[in-house]
4 protein chains.
Amino acid sequence: MARPRSDDKRMAILSAALRTIAAQGPGAATAAIAKAAGVSNGSLFTYFETKAALLNTLYLELKAEMAAAALDGLSTDQELREQLLYMWVHWLYWATSCPDKRRTLAYLDVSDEITTESRETAHRMMAGVAQLLEQSREHGPMRAVPLAFLLALLSALADTTTDFIIRDPAHAEHHREAGFDALWRMIA
Amino acid sequence: MARPRSDDKRMAILSAALRTIAAQGPGAATAAIAKAAGVSNGSLFTYFETKAALLNTLYLELKAEMAAAALDGLSTDQELREQLLYMWVHWLYWATSCPDKRRTLAYLDVSDEITTESRETAHRMMAGVAQLLEQSREHGPMRAVPLAFLLALLSALADTTTDFIIRDPAHAEHHREAGFDALWRMIA
Amino acid sequence: MARPRSDDKRMAILSAALRTIAAQGPGAATAAIAKAAGVSNGSLFTYFETKAALLNTLYLELKAEMAAAALDGLSTDQELREQLLYMWVHWLYWATSCPDKRRTLAYLDVSDEITTESRETAHRMMAGVAQLLEQSREHGPMRAVPLAFLLALLSALADTTTDFIIRDPAHAEHHREAGFDALWRMIA
Amino acid sequence: MARPRSDDKRMAILSAALRTIAAQGPGAATAAIAKAAGVSNGSLFTYFETKAALLNTLYLELKAEMAAAALDGLSTDQELREQLLYMWVHWLYWATSCPDKRRTLAYLDVSDEITTESRETAHRMMAGVAQLLEQSREHGPMRAVPLAFLLALLSALADTTTDFIIRDPAHAEHHREAGFDALWRMIA
DNA sequence: GATGAATGAGGCTTCATTCAT
DNA sequence: AATGAATGAAGCCTCATTCAT
């Protein structure tokens with residue numbers, strides 16, 4: 001009945017946090033974030049109880065977006081290699097076309113403000129990717145290692161490849177393919 | 001500025017920084033580091049002009065140690081695969097037996113206090129590793145990618161494998177081998 | 001400003017303020033009080049212009065209740081000592097059986113939000129008690145001191161005695177009698 | 001070997017806290033206190049870890065001073081009544097001639113920043129007064145009540161009397177005597 | 001009238017760095 | 001050179017009050 005909590009504002013804060021953290025790291029001041037969001041200092045805290053809460057929310061949002069980006073539109077009819085490639089390409093596309101998001105995610109991934117619980121939730125968001133990985137490695141040389149290990153390796157590869165694409169965008173496609181081939185050789 | 005007298009004190013500070021940052025992250029207060037070093041608050045700044053300077057020094061120290069650990073005692077007589085394995089094993093051994101150093105390095109790697117120059121110097125410290133990598137991939141599927149990319153992939157793999165060994169030390173050897181096999185498949 | 005519609009709500013706020021302040025001191029946030037009253041944040045300010053206004057109102061309410069409790073049912077037929085004892089017993093009974101009210105009153109008594117005017121009004125509410133005191137001391141050793149002084153002494157005694165009864169309820173009656181005897185010796 | 005922590009500064013802070021709290025209540029900002037002490041915002045915290053620590057220290061300091069003022073110079077040769085009177089006079093003299101101290105003590109006495117431990121320590125500081133009280137009431141009507149109760153009554157009487165002297169200093173002596181006579185009648 | 005989001009001024013405390021001793 | 005007190009700029013968060021709905 002009162003002014004409703006505006007989703008716009010909430011998203012403005014999240015988006016401002018994204019930009020500010022990408023630029024200044026997770027130490028960015030809440031005041032800076034609020035200002036970037038065009039919102040008063042105190043308003044930030046009506047949408048997020050705590051700076052840590054904001055960070056965790058942002059983290060989950062980004063992880064979810066990344067996972068969705070990687071899997072959206074995937075058709076399970078194709079060969080596994082094609083499916084994995086599809087995921088790889090989309091993942092890298094997302095990561096390289098939203099460098100702020102990727103950078104912020106990288107910061108948050110190592111921040112000690114991110115809860116174990118958030119990390120677990122994020123991990124669960126990768127279930128689709130994990131499943132694809134599971135199928136891909138089923139008969140390959142890594143059939144016996146923990147799936148989590150494999151997932152971590154995949155992330156590491158994707159991350160590294162993204163770095164290189166951003167650093168040297170002229171050879172984006174080249175790097176992307178090299179990365180994928182390496183991945184495929186590793187697991188299949 | 002003449003080099004301060006006591007090298008002991010300098011090393012005590014570096015070592016204290018290592019422990020303190022491992023425990024509290026790169027946000028650790030200089031006062032906390034000084035205290036851990038058994039040195040006064042202000043003395044820290046006669047040995048390191050700035051907190052950032054200390055961090056960068058520590059970063060380089062650790063990177064150098066890591067590179068040395070990976071290559072020390074390597075004999076170039078053996079097969080390349082053996083040499084690479086030697087390096088892999090020693091790298092992981094260092095990383096898993098000095099968790100503080102590794103953790104601190106992980107923190108510093110993403111800290112924005114570390115200058116580009118430091119990162120470049122650190123990169124150069126890996127020349128030996130890079131050379132080995134270069135030889136190993138010479139006739140392999142990755143013969144055409146930038147060596148830096150390969151080095152980054154190696155680092156990512158080593159890092160991820162270390163994570164898993166620390167998390168699940170009972171299967172250390174298993175993880176180490178799985179990681180190496182994956183690496184070898186990737187490049188050779 | 002027309003009196004707001006719901007007296008219920010007004011009293012709910014006062015009662016919530018009572019409980020909240022008893023628990024958290026006069027620094028209790030208006031938001032906390034509103035919540036405890038089951039009323040919105042903003043509504044509190046349609047019933048009380050200001051936090052200070054709320055506090056002053058509560059203060060007067062409690063003082064009035066205390067005065068009423070002390071005198072209610074007093075019959076002026078009895079001996080003065082009996083009348084004074086009656087008042088003493090009822091005062092202490094009120095104070096010990098509504099510890100929240102007493103505690104809040106204690107907080108407010110020293111709060112600088114309570115205006116001089118409120119304090120004076122409160123003082124006037126004790127007229128009945130004062131009158132009884134006046135009669136009681138008429139021929140006693142304190143016949144010449146300002147009545148206000150006497151009243152203050154009475155309050156101090158009552159307060160101190162209440163403290164002890166609350167702290168050591170097993171000997172409530174004992175303390176109550178000791179306090180009264182002391183009072184009587186003092187004035188009569 | 002460095003600049004020593006200056007006792008002057010420490011006392012300046014305590015004294016500034018005294019003045020500031022007397023004027024603004026225990027809610028006075030640490031910044032205001034620091035400014036009043038002619039000290040930087042942060043310096044306050046090298047002398048007192050916390051605002052609460054500062055408040056507790058000030059509380060104990062004042063209580064000690066008050067107890068000392070009440071007993072200093074007391075000769076145990078005199079009659080008990082004379083001794084008690086001596087204490088009464090000196091107590092009131094202290095309280096009325098340092099209204100800031102008294103006011104601050106009153107604020108702190110009810111502040112929830114003051115630890116139970118501080119309160120107990122303060123209580124122990126009144127041992128001398130308590131002992132005198134104990135002797136005075138030995139054969140009197142209050143010989144059986146808890147000494148702590150008696151002490152609380154004494155405090156209440158002293159406080160109330162002080163109030164009246166401050167409010168009406170023209171009759172200081174009058175009030176002081178009336179208060180003491182009341183006390184003596186109460187206990188002896 | 002009721003609601004609760006919006007505001008922004010502080011409040012307490014931390015910390016890198018400087019400086020007196 | 002060594003020490004640790006001094007500094008003051010931030011940082012996060014709270015809260016009385018206002019205002020859009």
Side-chain angles (χ1 to χ4, degrees), chain A residues 1-6 9-10 27-35 38-54 113, chain B residues 1-6 9 27-35 38-55 113, chain C residues 1-6 9 27-35 38-55 113, chain D residues 1-6 9-10 27-35 38-54 113:
Chain A
M1 194 177 294
R3 188 182 333 189
R5 204 177 285 195
S6 133
K9 210 157 280 185
R10 189 190 143 88
T30 53
I33 295 172
K35 190 173 185 181
V39 151
S40 88
N41 210 326
S43 267
L44 189 149
F45 291 93
T46 93
Y47 287 88
F48 302 92
E49 280 202 20
T50 268
K51 184 186 184 183
L54 167 58
E113 303 271 32
Chain B
M1 187 175 315
R3 169 141 9 134
R5 192 78 51 71
S6 156
K9 218 162 267 191
T30 52
I33 295 172
K35 188 173 184 182
V39 153
S40 85
N41 200 346
S43 267
L44 189 149
F45 289 90
T46 94
Y47 288 90
F48 301 91
E49 277 200 55
T50 263
K51 186 186 184 181
L54 167 59
L55 259 36
E113 305 268 35
Chain C
M1 185 173 316
R3 165 137 16 132
R5 190 78 51 72
S6 156
K9 218 162 268 191
T30 53
I33 295 172
K35 188 173 186 184
V39 154
S40 84
N41 200 345
S43 268
L44 188 149
F45 288 90
T46 92
Y47 289 90
F48 300 91
E49 278 200 54
T50 264
K51 185 185 185 182
L54 166 59
L55 260 35
E113 305 268 33
Chain D
M1 196 178 292
R3 190 182 329 189
R5 201 176 287 195
S6 130
K9 210 159 281 187
R10 188 189 145 89
T30 54
I33 295 171
K35 190 172 184 183
V39 152
S40 90
N41 211 328
S43 265
L44 188 149
F45 291 91
T46 92
Y47 288 88
F48 302 92
E49 280 202 21
T50 270
K51 186 186 182 182
L54 168 59
E113 303 269 35

**Student:** Given dG4(E), is OP1 or OP2 found less than 4.0 Å from the side-chain N or O atoms of Thr46(A)?
**Tutor:**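 For Thr46(A), the contact criterion (side-chain N or O under 4.0 Å from OP1 or OP2 of dG4(E)) is not met.
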**Student:** Quick check: closest heavy atoms across Ala34(B) and Ser40(B), and the distance to 0.1 Å?
**Tutor:**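 For Ala34(B) versus Ser40(B), the nearest heavy atoms are CB-O, 3.8 Å.
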**Student:** Search all heavy atoms of Lys51(A) against all heavy atoms of Ala28(A) and return the closest pair with its distance.
**Tutor:**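 In terms of heavy atoms, the two residues are closest at NZ-O, 2.9 Å.
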**Student:** For Leu54(D) and dT13(E), what is the distance between atoms CG and C1' respectively, to the nearest whole Å?
**Tutor:**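 In whole Å, dT13(E) C1' lies 14 Å from Leu54(D) CG.
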**Student:** Given that Arg5(D) and Phe45(C) both sit by DNA chain F, which one's nearest nucleotide is further toward the 5' end?
**Tutor:**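 Looking at the nearest nucleotide for each, Arg5(D) comes out on the 5' side.
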**Student:** Could you tell me whether a side-chain N or O of Thr50(D) sits under 3.5 Å from a main-chain N or O of Ala53(D), the two making a donor and an acceptor?
**Tutor:**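 It does not hold such a pair.
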**Student:** Nearest whole angstrom, please: distance from the P of dC15(E) to the CG of Leu44(B).
**Tutor:**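 Interatomic distance, CG of Leu44(B) to P of dC15(E): 14 Å.
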**Student:** In terms of the nearest nucleotide of DNA chain F, which residue is placed more toward the 5' end: Gly38(B) or Tyr47(D)?
**Tutor:**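 Going by which nucleotide is closer to the 5' end, it is Gly38(B).
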**Student:** I need the Asn41(C) CG to Lys35(C) NZ distance, nearest 0.5 Å.
**Tutor:**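 It comes to 11.0 Å.
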**Student:** Below 3.5 Å between N/O atoms, which protein atoms pair up with nucleotides 8-11 of chain F? Just atom names and distances, please.
**Tutor:**
{"from": "dG8(F)", "atom 1": "N7", "to": "Gly42(D)", "atom 2": "N", "distance (Å)": "3.2"}

**Student:** Could you tell me whether the side chain of Arg5(A) and the main chain of Thr46(A) form a donor-acceptor pair under 3.5 Å?
**Tutor:**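 Flag set: sc Arg5(A) to bb Thr46(A) pair under 3.5 Å.
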**Student:** When all nucleic acid strands are considered with a 4.0 Å heavy-atom cut-off, which category describes Thr50(D): base, sugar-phosphate, or nothing?
**Tutor:**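 If one applies the 4.0 Å heavy-atom cut-off, Thr50(D) turns out to touch the sugar-phosphate alone, with no base involved.
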**Student:** Which dot-bracket notation, 5' to 3', represents the base pairing of DNA chain E when pairs are defined as Watson-Crick or G-U with both distances under 3.5 Å, crossing pairs as [ ], and inter-strand pairs as |?
**Tutor:** .||||||||||||||||||||
**Student:** Is there a side-chain contact between Thr30(D) and Leu54(D) in this structure, where contact means two heavy atoms from C-beta onward sitting under 4.5 Å apart?
**Tutor:**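 A side-chain contact under 4.5 Å is absent here.
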**Student:** Check the distance between dC15(E)'s P and Ile33(B)'s CD1 and give it to me in whole angstrom.
**Tutor:**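 About 11 Å, once rounded to whole Å.
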**Student:** Does Lys9(A) place a side-chain N or O at less than 4.0 Å from the phosphate oxygens OP1/OP2 of dA5(E)?
**Tutor:**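 Checking Lys9(A) against dA5(E): no side-chain N or O falls below 4.0 Å of OP1 or OP2.
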**Student:** Without decimals, in angstroms, what is the distance between Phe48(A) CZ and dA6(E) C1'?
**Tutor:**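 It works out to 16 Å between those atoms.
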**Student:** Glu49(D) CD to dC12(E) P: how many Å, rounded?
**Tutor:**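 Nearest whole value for this atom pair: 16 Å.
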